[in-house]
Amino acid sequence: MKKYLLSGLITAALLTSTIQSSQAETVPKTVNIGYQKANIFALLKYRGTLDTDFKKQGIAVHWVEFPAGPQMLEGLNVGSIDLAATGDAPPAFAQAAKADLVYLAHSPANPKTEAIVVPENSAIKTVADLKGKRVALNKGSDVNYLLVSALENAGLSYQDITPVYLPPADARAAFQRGAIDAWVIWDPYYAEVETNAKARLVKNAEGLVPHYTFYLASRKFAETYPQTAKQVVDELSSLSDWANKNPQQTAKILATSTGLPQPIWQRSISRMPFGAERMTPEVFKEQQQLADKFSQTGLLPVKIDVNSARWSLDKQ
């Protein structure tokens, strides 16, 4: 009897050790997060709540800054980061480039935060007036979808304008000196050019495209460390609740991050609902419509299946 009892205790000890070892392996030593100075991950970085919570679990957070979504997802593709937050277009381009990513969650739709703007005294009054004009935008960014959709809605095609592909800083300078006729841009750059250059709104994304922020991960990271990925989404959800209730403090943090004045951020935040919601079939459908639109216009070199980037936790 003692022999069997001892054998049982040894087996139980070995089983416990195996479980503990397995659990230990499900927590990464480091989480590499890509962020832009103006997005929600920057807010998470500066508040420090994720770093504090992960430190208790022995996880270090490494923050990697990128100028825009397309470059960030290149980083995700090559493995220099594990997590990212971008607008709706960059993930489609990343999938076309064979990036093995998954959608973890999305923000509420925020179509008022991106727009086509022109100088205050421009003769351009409607989207139809853009025909033959030079229109600046960041290629492959979420505003690319707004422009394609707005032109189509006005009876024009992408070939009816001259796209000028510039990152925000260069486009802002071109706008100031009159080198472009219109600019398709997102907040906070939209709020800045409204405030400081008296830019006039031609059309925002309302009624055209939903405009989400997507929270993304490399498939390898999300499948290897699903609970860690879920914790990040939960942190983003809690942060969003705080940001929506504390817009002035949020504006102050993001002003520090970007160097833009706090009033600019207050203007941006007034039309920017924060949130982190798990993906739904409807949102995947909307994202597929975006991808199809880009492939039809030739901006996306191949057709993609957005649904193939579902996270396994959402398939259960």
Side-chain angles (χ1 to χ4, degrees), residues 33-34 36 39-41 66 68-79 81-111 113-114 137-153 158 184 186 205 207-224 226 229-230 232-233 236-237 275-316:
I33 302 178
Q36 300 172 62
N39 76 6
I40 191 170
F41 270 136
F66 290 87
Q71 295 91 328
M72 189 185 305
L73 293 192
E74 287 177 17
L76 193 74
N77 192 21
V78 301
I81 58 173
D82 305 307
L83 299 161
T86 77
D88 30 29
F93 282 87
Q95 274 192 271
K98 306 299 182 184
D100 196 14
L101 57 82
V102 294
Y103 290 80
L104 301 180
H106 66 91
S107 74
N110 50 99
T113 64
E114 59 177 9
L137 70 153
N138 195 55
K139 187 176 184 179
S141 67
D142 41 321
V143 294
N144 218 155
Y145 187 35
L146 166 59
L147 180 58
V148 169
S149 299
L151 290 170
E152 183 180 85
N153 190 62
Y158 207 65
V184 197
W186 61 91
L208 290 173
V209 298
H211 184 41
Y212 296 106
T213 291
F214 286 111
Y215 309 117
L216 308 153
S218 70
R219 187 182 301 275
K220 180 180 179 181
F221 180 86
E223 302 298 352
T224 305
K230 183 178 181 299
V232 172
V233 174
L236 287 168
S237 180
E277 306 166 19
R278 293 290 288 275
M279 296 294 292
T280 64
E282 180 58 33
V283 174
F284 271 113
K285 181 180 178 181
E286 290 176 317
Q287 188 68 349
Q288 186 65 55
Q289 291 170 348
L290 174 151
D292 292 343
K293 183 75 68 178
F294 277 142
S295 60
Q296 289 165 10
T297 58
L299 290 167
L300 205 61
V302 295
K303 288 188 175 182
I304 64 166
D305 177 14
V306 174
N307 202 54
S308 67
R310 287 180 67 190
W311 187 18
S312 63
L313 287 189
D314 290 326
K315 297 177 183 177
Q316 297 172 1

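Residues: numbered from 1 along the sequence shown.
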Inset, instruction - Taking all non-hydrogen atoms of both residues into account, name the closest pair between A105 and V233 and its distance. - result: CB-CG1, 3.9 Å
Legend entry - Separation of F41 CZ from I33 CD1 (nearest 0.5 Å): 5.5 Å
Legend entry - Any side-chain donor near an acceptor of the partner, Q296 and D292, under 3.5 Å: no
Legend entry - Minimum heavy-atom distance between A222 and V102, given as atom pair plus value: CB-CG2, 3.6 Å
Inset, instruction - With rounding to the nearest 0.5 Å, note down the distance linking CG in L137 to CG in D142. - result: 10.5 Å
Inset, instruction - Tell me, with the steps shown, if E152 and K293 meet side chain to side chain contact (heavy atoms under 4.5 Å, CB included). - result: CA-CA 10 Å; E152 183 180 85; K293 183 75 68 178; 2.6 Å; yes
Inset, instruction - Would you confirm whether T297, through its side chain, and F294, through its main-chain N or O, come within 3.5 Å as a donor-acceptor pair? - result: yes
Legend entry - Exercise: do Y212 and E286 side chains pair donor with acceptor under 3.5 Å: yes
Legend entry - Flag, side chain of D100 to backbone of K98, donor-acceptor distance under 3.5 Å: no
Legend entry - L76 side, atom CG; L73 side, atom CG - distance, nearest 0.5 Å: 6.0 Å
Inset, instruction - Quick one: closest heavy-atom pair of P91 and L216, and the distance? - result: CG-CD1, 3.7 Å
Inset, instruction - Could you tell me whether the side chain of D82 and the main chain of A217 form a donor-acceptor pair under 3.5 Å? - result: no
Inset, instruction - Could you check E114 against V209 for side chain to side chain contact (heavy atoms under 4.5 Å, CB included), going step by step and ending with a plain yes or no? - result: CA-CA 10 Å; E114 59 177 9; V209 298; 3.6 Å; yes
Legend entry - Within-4.5 Å side-chain heavy-atom neighbours: R278 and L313: yes
Inset, instruction - Work out which heavy atom in Q95 is nearest to a heavy atom in S308; give both atom names and the distance. - result: NE2-OG, 3.3 Å
Legend entry - Minimum side-chain heavy-atom gap K285-N307 below 4.5 Å: no
Legend entry - Nearest-0.5 Å distance, CG of residue D305 to CD of residue Q288: 5.5 Å
Inset, instruction - Indicate yes or no: at least one non-hydrogen side-chain atom of M72 is less than 4.5 angstrom from one of I81. - result: yes
Legend entry - Gap between atom OG of S237 and atom CD of E277 - 0.5 Å precision: 8.5 Å
Inset, instruction - State, yes or no, whether a side-chain contact exists between H211 and Y145 at a heavy-atom distance under 4.5 Å. - result: no
Legend entry - Spatial distance of atom CG (L101) from atom CG (L83) [nearest 0.5 Å]: 11.5 Å
Inset, instruction - For residues S295 and K303, report the shortest heavy-atom separation together with the two atoms involved. - result: OG-CG, 4.0 Å
Inset, instruction - Assess the pair Y103 and Y215: is the distance between their ring centroids shorter than 6.0 Å? - result: no
Inset, instruction - Can you see which heavy atom on F93 is nearest to which on G140, and at what distance? - result: CE1-CA, 3.7 Å
Legend entry - Chi angles and distances behind the side chain to side chain contact (heavy atoms under 4.5 Å, CB included) call for T113, W186: CA-CA 6 Å; T113 64; W186 61 91; 5.7 Å; no
Legend entry - Non-hydrogen side-chain atoms of N144 and K139 separated by less than 4.5 Å: yes
Inset, instruction - Return yes if some donor-acceptor pair links the side-chain N/O of Q36 with the main-chain N/O of F66 below 3.5 Å, else return no. - result: no
Inset, instruction - Taking T86 for its side chain and G69 for its backbone only, find out whether a donor-acceptor pair lies under 3.5 Å. - result: no
Legend entry - M279 side chain near R310 side chain, heavy-atom distance below 4.5 Å: no
Inset, instruction - Would you check if W311 and R219 make a side-chain contact, meaning some heavy-atom pair closer than 4.5 Å? - result: no
Inset, instruction - Please tell me if the side chains of L236 and I40 come closer than 4.5 Å, counting only heavy atoms from C-beta onward. - result: yes
